[in-house]
> 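To start, I am sharing the structure in question, which I have written as structure tokens.
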Protein chains: 4
Amino acid sequence: MICVKLVSYTNDGEKVIAIAAKMSRSRKGWDYHEKEMSNDEVEIWIKDAILHGYWSVLEHSVYTFSIEGISRVASHQLVRHRIASYTQMSHRFAKPVDDYYKPIVPPSAKKRDREFIEKAYKEAYDNYFNLLQSGVPEEDARYVLPNGVNTNIVVTMNARELYNFFALRLCSRAQWEIRAIAWMMLEEVKKVHPHLFKYAGPNCIIHENFIRNENESITLEDIFKDYKLEFISQRCIEGVLRDGIKKCVINSRSVLDNIK
Amino acid sequence: MICVKLVSYTNDGEKVIAIAAKMSRSRKGWDYHEKEMSNDEVEIWIKDAILHGYWSVLEHSVYTFSIEGISRVASHQLVRHRIASYTQMSHRFAKPVDDYYKPIVPPSAKKRDREFIEKAYKEAYDNYFNLLQSGVPEEDARYVLPNGVNTNIVVTMNARELYNFFALRLCSRAQWEIRAIAWMMLEEVKKVHPHLFKYAGPNCIIHENFIRNENESITLEDIFKDYKLEFISQRCIEGVLRDGIKKCVINSRSVLDNIK
Amino acid sequence: MICVKLVSYTNDGEKVIAIAAKMSRSRKGWDYHEKEMSNDEVEIWIKDAILHGYWSVLEHSVYTFSIEGISRVASHQLVRHRIASYTQMSHRFAKPVDDYYKPIVPPSAKKRDREFIEKAYKEAYDNYFNLLQSGVPEEDARYVLPNGVNTNIVVTMNARELYNFFALRLCSRAQWEIRAIAWMMLEEVKKVHPHLFKYAGPNCIIHENFIRNENESITLEDIFKDYKLEFISQRCIEGVLRDGIKKCVINSRSVLDNIK
Amino acid sequence: MICVKLVSYTNDGEKVIAIAAKMSRSRKGWDYHEKEMSNDEVEIWIKDAILHGYWSVLEHSVYTFSIEGISRVASHQLVRHRIASYTQMSHRFAKPVDDYYKPIVPPSAKKRDREFIEKAYKEAYDNYFNLLQSGVPEEDARYVLPNGVNTNIVVTMNARELYNFFALRLCSRAQWEIRAIAWMMLEEVKKVHPHLFKYAGPNCIIHENFIRNENESITLEDIFKDYKLEFISQRCIEGVLRDGIKKCVINSRSVLDNIK
């Protein structure tokens, strides 16, 4: 149902970021670095930027997603990230009727609750439809649509803001739907720019890397693979204590299993 | 129901803006201008900044509103304005039950539709309440709440962003609820900073002043007073033709009469 | 000397913008529009967005420039545009010595002044070099470098911000160097996205189109071709009167002739 | 010479932040909390927001500074902070001549270097003045002014951005002049809002608090008082190892002794 698709991005984004980072330390111009920089060097400049918090260079690589079939509960949270660009399907102009009415049912709901929610959605739809029939304009009729009603939204974010978005929304404290969207977005960008998003993760990982020796930096992948990994952080910023952090991250990602 | 209250603002905001504007042209420091600048001069520097599009100085004066009893339809639109700060009542933590459930009924609805909407709201509430009772967590149960459900939000915007917000949301094309909020916000800021917000208005007025001789600049007040006022603009940016613009502005503001 | 190069951009930016614009009015998803949208439709959606001030969709197409050999006078102005990303050559880490010291001489300077400025630049260089020799750190020695000293900067802006940047910096009131940079940037983006930047121009043109009948909208190209074009605006926002606007625009662009 | 003055701010900023934070968890409106909230509660909500990274509420309190007598080296760095508002003295309109020419001499320079720098500044001035005399316009003549030339700038930042600004610019790796400005700004805001800025500091402190048990959070004040304080962080984000961090912070602040 929820569908996250990367529809456009800076093709050479990893190299663009690496060259920009290098140019801040160099007197030479773009063309020189563009020719001379090896793939290994690209990786090194990116890693160095992230582990030293030199985030601004990550802004030069940009990603556009089409996020479809999410609820307005989720879209309302999504657009709170202000360093991003949004174009959302408007329920003033596009009526969610017939096959286009596909409100989102929380996957955690048990069978009986699920049926109850679906019935509630059906009632809301009938009310909405009746209002339209009796001549109430779309923009007013939609007040009775449920918060769970589906919407589509086009989102553009740069790599720096994505790191910030992931830090907050991959966290198990994030609401399940936006969390699922975040994990899906991460999968998409990792496919195209694996070096750049290697260190992305919820705040517990980002913060751990801020204070850990550089040659011992950790990644999300380590969490899922290496059960011997020890955090130095006494707690994450949300208050989970050291010993619980790994399990908490693994738990956060399990939302994907529920909705697929 | 909808309540807009200015709860904090830059007390000396008009003078701060005027001094900043003057300092860009002067070698003297803040203290000098602070002592020397008369009220008349404050007005002149502000008017000059606005009529020449020197908007950045308007950012130095900032306003915080508590906007209460609005729907999540309106709050979703509101937070799309990214150059602003928001803190919203969370339905994950604060359940809108009992007296706190006061969903917004569009004022344009006729009596029969109104009753129908209220019935729909009641049904949605019962469904929500049932889900809570059967142990569904708040964050999931709220999916069946209606879009019209009430929320509170604290908003901080500077005067430049307010001008932009008003330009878009005082326009008759804006959805009625956010339009009502915008007209209420304008009333609030005009009370405390009348010189600064004298030229605020929907885009038709802003754009007209961009292209009109300076000594013939117009204000919202002129629209409501002077029926002989002629626009030079052939159309407003939304496509309303010259002869219809004044009526369109007057019509936009009438939303206030309906909800009070 | 001043070199502006478009080094990366959203390849399918025009189509991305058009699809996003359409999706706000449609219930269908990205894939559908991606397949169905013709080139003509792309043009129509873009034109419609710009002439109705629906600017936010323009944010989905993004451009990265390497701007090299500009003065720190110009870079200081450039970075005042806050909705953009910058990575600048740091004089703390990269010493502008030997062949890398190429301070910018204003092209308007007459021969004698030009020689005088070059001499002043030479003196400043010698002072800088002496300080380095006597062990003063780079970050302090550079205080004696001239404002005209050359720097390189990587800049990323989306199409909406470019429209705003052009509106301000293509204007004849903008300082000559940033104005030259703006005209060069416009040439670069027009090569790759001619439909998208067709209506870009200084504020006089942007504002004229805001208030003019849609089928009579004007472009920069019209200004340079059609001497019979009449403005409706009584004045531009900088105060140039109707009859002087066209000449003023033509004059603004002539900075390119001087520096090439 | 360098002068940092807090000229306007949200008077009740600490309470505004605390109320906003509480309203996100409450169904009650502003008036209720405004009456009921005690000073102790204000402190608790602020501390809680900062130690859990709930930064957005800090945006509701805003500060305007007049920063005078700084170099254009420093102002160029300052304006790179994009989430802020600036109005800068323009050397296109305000000539830095006679008593208004007071270029900044790096305090670290030894006596001989200092004299050398002052001579270099004098030469640059003479060149500038000569160009003005021979009719070169201000905007071009200033190309020969030194980077160290003095300027004034009005800056508005909210408390969240100030925390970010301090994190980067109180660090010993920041260039000395902007570092001095940052320490002065901190002094100013601490005078008026001591609870709010209690946890402000360079990144080493911010990050340490992100990963430390809450009841053991540290402040800048602790660094200067308590030499027994132990960091858990293995390194700061700039690469300083655990044992060196405290000394590094103390060293950073010593720039104030040099310039006073």
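Residue numbering restarts at 1 for every chain, and letters A, B, ... go by the order of the sequence lines. This one's a predicted model, so the numbers in the text were calculated from it and none came from an experiment.
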> Between B:Ala109, B:Ser108, B:Pro146, which has the largest tally of heavy atom pairs under 4.5 Å with chain A?
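Looking at each option in turn, the highest pair count goes to B:Pro146.
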> Quick one: CG on B:Leu131 to CZ on A:Phe116, what's the gap to the nearest 0.5 Å?
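Going from CG on B:Leu131 over to CZ on A:Phe116, the span is 5.0 Å.
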> Among B:Val136, B:Val105, B:Asp113, B:Asp126, who wins on heavy-atom pairs under 4.5 Å with chain A?
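If we count pairs closer than 4.5 Å to chain A, B:Asp113 comes out on top.
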> Can you tell me how far CD of B:Glu177 sits from CG of A:Asp140, rounded to the nearest 0.5 angstrom?
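Output value for this atom pair is 9.5 Å.
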> CZ of B:Arg112 to OG of A:Ser134: how many Å apart, nearest 0.5 Å?
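So the CZ of B:Arg112 and the OG of A:Ser134 are separated by 6.0 Å.
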> Counting neighbours of NZ on A:Lys119 that are heavy atoms of other residues, nucleotides or ligands and sit closer than 6.0 Å, is the number greater than 12?
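Above 12, so yes.
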> So, taking the atom named CD in B:Gln175 and the one named CD in A:Glu139, what distance separates them when rounded to the nearest 0.5 Å?
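Answer rounded to 0.5 Å: 5.0 Å.
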> Of the non-hydrogen atoms in B:Val144 and A:Tyr121, which two are nearest, and what is the gap between them?
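Here B:Val144 and A:Tyr121 meet closest at CG1-CE2, 4.1 Å.
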> Return the OG to CZ distance between B:Ser75 and A:Arg80, rounded to the nearest 0.5 Å.
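The CZ atom of A:Arg80 is 9.0 Å from OG of B:Ser75, to the nearest 0.5 Å.
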> Looking at A:Pro106, A:Ser71, A:Pro137, A:Ala124, which makes the most heavy-atom pairs under 4.5 Å with chain B?
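When all of A:Pro106, A:Ser71, A:Pro137, A:Ala124 are compared, A:Pro106 has the most.
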> Checking B:Glu138 against chain A: side chain, backbone, both or neither under 4.5 Å from a heavy atom?
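Interface part for B:Glu138: neither.
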> Can you tell me which portion of A:Glu118 sits under 4.5 Å from chain B's heavy atoms? Options are side chain, backbone, both or neither.
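A:Glu118 has no heavy atom closer than 4.5 Å to chain B.
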> Evaluate the side chain to side chain contact (heavy atoms under 4.5 Å, CB included) criterion for residues B:Ile117 and A:Tyr143: first the C-alpha distance (whole Å), next the side-chain angles of each, then the deciding distance (0.1 Å), finally the verdict.
CA-CA 8 Å; B:Ile117 291 171; A:Tyr143 276 66; 5.7 Å; no
> If I compare all heavy atoms of A:Asn147 with all of B:Val149, which pair ends up nearest, and what's the gap?
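Where A:Asn147 meets B:Val149 most closely, the heavy atoms are ND2-CG1, 4.1 Å.
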> Would you indicate whether A:Lys247, at its atom NZ, is surrounded by more than 12 heavy atoms from other residues, nucleotides or ligands within a distance under 6.0 Å?
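Atom NZ in A:Lys247 is not crowded, with 12 or fewer foreign heavy atoms closer than 6.0 Å.
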> Hey, which residues of residues 83-95 of chain A are touching chain B, say heavy atoms under 4.5 Å apart?
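When heavy atoms of chain B are the reference, residues 83-95 of chain A contributes A:Ala84, A:Ser85, A:Tyr86, A:Thr87, A:Gln88, A:Arg92 within the under-4.5 Å range.
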